[in-house]
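These notes are about the structure you will find just below.
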Amino acid sequence: MTSKLSLGGKAYLALMFLILYAPIFYLMLYSFNSGDSMSGFESFTLSHYADVFADTRLIVILLDTVLVALLSGFIATVIGTLGAIGIVSVRNRWWRHTLLSLNNVLIVSPDVVIGASFLILFTLIGAKLGFASVLLSHAAFSVPIVVLMVLPKLLEMKTSLIDAALDLGASRRDVLTRVVLPMIQPGIYAGFFMAITYSLDDFAVTFFVTGNGFSTLSVEIYSMARTGITLTVNAISTLVFLATLIVVAGYYWVTNRARAAEAEVRA
Amino acid sequence: MSAKSRSRAPIVPYAVWMVLFVIAPIALVLYYSFLDLDRHFTLANYRNFFSSAYLTMTLTSFWYAAIITFFTLLISYPTAYLLTRTKHKNLWLILIIIPSWINLLLKTYAFIGILGLHGPINALLETLGFDPTQMLFTDFSFILVVVYIFIPFMILPIFGSLDKLDRSLVYAARDLGASGWDTFRRVIFPLTISGVKSGIQVTFIPALSLFMITRLIAGNKVITLGTAIEEQFLVADNWGMGSTIAVFLILVMVLIMMATGTSRKGGRA
């Protein structure tokens with residue numbers, strides 16, 4: 001921190017960081033406790049981690065969670081990117097505005113309302129609740145965020161580039177794959193990343209549409225936490241925290257590389 | 001894009017998504033809010049909703065959401081301000097945001113340990129000479145945990161608008177003799193009001209609709225609109241009543257969006 005800050009300011013910020021991180025580190029610390037509660041640290045042990053990896057059901061849930069995140073992220077990215085391209089191609093201002101407003105409905109809606117309405121939807125069309133309903137729901141609530149990430153990139157793209165490509169004999173498909181998509185790539189990456197984090201973080205929507213046989217990590221932790229404290233959850237938390245850091249770091253690495261590449265192309 | 005490249009094909013999957021997952025769900029919730037347990041048309045759900053029991057619940061839910069939003073703003077604004085004054089502000093900002101990436105359930109779970117009868121807070125109270133108290137399952141713990149969770153989401157938009165603020169306006173105010181408080185009240189705060197509004201939006205609406213934290217931390221002491229919806233749908237199996245509350249929540253959301261502009265939500269809770 002810098003000299004621009006007063007001592008009081010520094011102390012306030014330090015306190016904020018302490019408050020924000022303390023619960024997370026508290027959780028991680030007790031994952032190494034040989035006792036069986038989150039108070040009174042007895043001695044160091046890795047047995048709770050052993051429990052996590054020995055519990056096949058838990059491992060399956062972990063893998064399912066990641067699978068749903070990646071798949072729903074991929075589906076949302078495809079639909080959202082195409083949707084953004086579609087929205088940009090709409091000339092009528094009223095229509096474009098309406099589409100954008102409808103696009104944002106799921107972003108601002110409370111999760112519990114999304115979950116409840118999707119539950120009605122899946123029940124009415126007779127879909128079985130489980131992997132498919134969770135996957136579709138996650139893809140559905142991630143589509144609008146992808147659109148919002150891709151749209152600015154499309155809007156800052158020069159239309160003359162597309163005209164040039166078409167004049168030089170490129171087919172529409174070529175224009176899409178070789179001109180448009182490379183230009184909006186950073187937006188697509190950002191959208192995919194956001195979709196994955198939305199999926200991993202979701203509890204409420206999944207809770208409504210998951211049915212009995214299928215579970216994601218959030219829902220599983222909820223049911224474990226309702227029955228009391230199990231330090232296995234702490235071990236999972238630590239693993240999830242580390243995975244989160246790796247994903248965030250990876251995301252910054254990819255976007256920085258994309259930005260550097262872009263700068264190189266422009267130069 | 002040019003007229004030549006205009007094609008309707010790309011928008012098809014997106015249009016299908018919009019009809020199926022945006023328009024249909026809203027229509028279905030609205031439709032179900034007029035159905036009774038036997039799926040017959042009724043206005044009883046709405047009559048029920050405006051009865052005293054539900055009205056009290058709704059007002060309490062608003063009251064909690066208002067308290068939560070107030071404290072989150074009170075803590076976050078100075079933090080955001082101080083962050084803009086640090087040397088590597090973007091790095092510090094990322095560090096503030098990282099906790100918001102951690103799964104909500106895990107953060108809530110941590111507080112079950114922290115606030116518990118044998119947890120560190122009670123240990124601290126005991127060394128200070130107080131008797132240990134059960135803090136879990138009280139409305140105090142509920143507000144504490146929710147404020148904790150929303151702080152990063154509130155800081156983010158406020159940081160954005162503070163960062164864009166032209167410093168020379170602040171210097172000008174000070175040079176012209178305004179006190180620190182006057183400068184804040186009449187220059188800084190009005191110019192960053194858009195960030196504050198987005199922050200309120202991302203806090204108030206989720207605070208109304210939370211149901212997981214009320215169950216885990218407040219132990220059914222606090223009933224929010226979200227808890228009521230969850231209960232009607234998944235426990236009481238009364239989808240009609242649940243939908244009615246959902247319709248109300250949607251209306252409130254639209255009103256808040258209109259009152260605070262149309263900037264978007266930063267996170268889900």
Side-chain angles (χ1 to χ4, degrees), chain A residues 1-2 4-5 9 12-13 16-17 20-21 23-24 26-27 30 38-40 79 82-83 85-86 88-89 102 104-113 116-121 140 143 159 162-163 166 172 175 197-198 200-204 218 221-222 225-226 229 233 237 240-241 244 248, chain B residues 1-2 4-7 10-11 13-14 17-18 21-22 24-26 28-29 32 78-79 82 85-87 95-96 98-99 101-107 109-114 116 118-119 151-152 205-206 208-209 211-212 215-216 226 229-230 233 239 242 246 249-250 253 257 264-265 268:
Chain A
M1 285 183 223
T2 150
K4 273 195 283 183
L5 279 177
Y12 187 85
L13 271 189
M16 279 310 294
F17 277 103
L20 282 176
Y21 280 91
I24 299 163
Y26 181 77
L27 205 58
Y30 274 93
M38 254 201 276
S39 55
I79 298 178
L82 291 175
I85 294 172
V88 172
S89 72
L102 281 173
N104 293 355
V105 166
L106 286 184
I107 297 184
V108 295
S109 292
D111 301 4
V112 62
V113 173
S117 62
F118 283 7
L119 174 66
I120 300 180
L121 180 77
V143 165
T159 50
I162 295 165
D163 293 333
L166 287 169
R172 266 190 192 152
V175 170
T197 58
Y198 269 32
L200 288 177
D201 210 39
D202 179 68
F203 163 74
S218 300
I221 291 169
Y222 178 70
R226 286 207 83 176
I229 286 169
V233 176
S237 314
V240 169
F241 183 72
T244 309
V248 174
Chain B
M1 276 193 249
S2 80
K4 274 183 275 178
S5 72
R6 230 194 296 167
S7 154
I11 210 166
Y14 181 70
W17 163 80
M18 193 168 270
F21 290 105
V22 180
I26 298 176
L28 283 173
V29 166
Y32 266 74
T79 313
L82 292 170
R85 312 287 288 144
T86 54
K87 203 179 266 164
L95 286 175
I96 285 276
I98 285 177
W101 300 98
I102 308 296
N103 193 306
L104 193 72
L105 260 301
L106 295 178
K107 283 181 285 191
Y109 173 79
F111 278 97
I112 299 179
I114 292 171
H118 307 287
I151 284 173
I205 300 171
L208 277 178
S209 53
F211 69 89
M212 174 274 296
R215 291 250 192 270
L216 290 180
I229 294 176
E230 188 251 358
F233 266 90
W239 291 14
L249 199 50
I250 293 172
M253 186 192 84
M257 301 295 296
R264 60 195 153 91
K265 185 168 130 178
R268 26 187 60 240

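Reminder, nothing fancy here: chain letters follow the sequence lines and each chain counts from 1. Note that the structure is predicted; figures quoted are calculated from it, not measured. Reckoned from all heavy atoms, side chains included, excluding hydrogens, waters and symmetry mates.
Using a 4.5 Å heavy-atom cutoff, the side chains of A:Leu106 and B:Trp17 are in contact. A:Val113 is not listed as a side-chain neighbour of B:Ser209, based on a closest heavy-atom distance of 4.5 Å or more. Put simply, the side chain of B:Ile96 reaches to within 4.5 Å of the side chain of A:Phe17, judged on heavy atoms. Using a 4.5 Å heavy-atom threshold, the side chains of A:Met16 and B:Leu82 count as separate.
For the set A:Pro23, A:Ser117, A:Ser39, the entry with the most heavy-atom pairs within less than 4.5 Å of chain B is A:Pro23. By number of non-hydrogen pairs under 4.5 angstrom with chain B, the leading residue of A:Val233, A:Leu27, A:Ile120, A:Leu121 is A:Ile120.
For B:Leu95, the parts lying near chain A are the backbone and the side chain together; criterion is any non-hydrogen pair under 4.5 Å. For B:Ile102, the parts lying under 4.5 angstrom from a heavy atom of chain A are both the backbone and the side chain. If you measure heavy-atom distances from A:Leu200 to chain B, the contacts under 4.5 Å come from the backbone alone. In this structure, chain A has a heavy atom under 4.5 Å from the side chain of B:Ile250, while its backbone stays farther away. If you measure heavy-atom distances from A:Thr197 to chain B, the contacts under 4.5 Å come from the side chain alone. Looking at B:Leu106, the atoms closer than 4.5 Å to chain A (heavy atoms on both sides) sit in the backbone and in the side chain alike. Only the side chain of B:Met253 comes within less than 4.5 Å of a heavy atom in chain A; its backbone stays farther off. The contact between B:Trp239 and chain A is made entirely by side chain atoms (from C-beta outward), counting heavy-atom distances below 4.5 Å.
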| Test log, rule side-chain contact (heavy atoms from CB on, under 4.5 Å), inputs B:Ile98 and A:Ile24 | CA-CA 11 Å; B:Ile98 285 177; A:Ile24 299 163; over 6 Å; no
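The distance from the CG atom of A:Leu102 to the CZ atom of B:Phe21 is 15.5 Å, given to the nearest 0.5 Å. Distance CG/A:Asp202 to CG/B:Asn103: 9.0 Å, rounded to 0.5 Å. The CG atom of A:Leu13 sits 6.5 Å away from the OG1 atom of B:Thr79 when rounded to the nearest 0.5 Å.
Not counting sequence neighbours, the partners of A:Ala225 by the side-chain contact (heavy atoms from CB on, under 4.5 Å) test are B:Tyr109, B:Ile112, B:Leu216. The ring-ring contact (aromatic ring centres under 6.0 Å, His included) check on A:Tyr30 picks up A:Tyr26, A:Phe41, with sequence neighbours excluded.
Below 30°, between 30° and 60°, or above 60°: for A:Phe203 and B:Phe211 the angle between ring planes is between 30° and 60°, a tilted geometry.
Judged purely by atom type and a 3.5 angstrom limit, B:Tyr14 has no side-chain atom pairing as donor or acceptor with the backbone of A:Val143.
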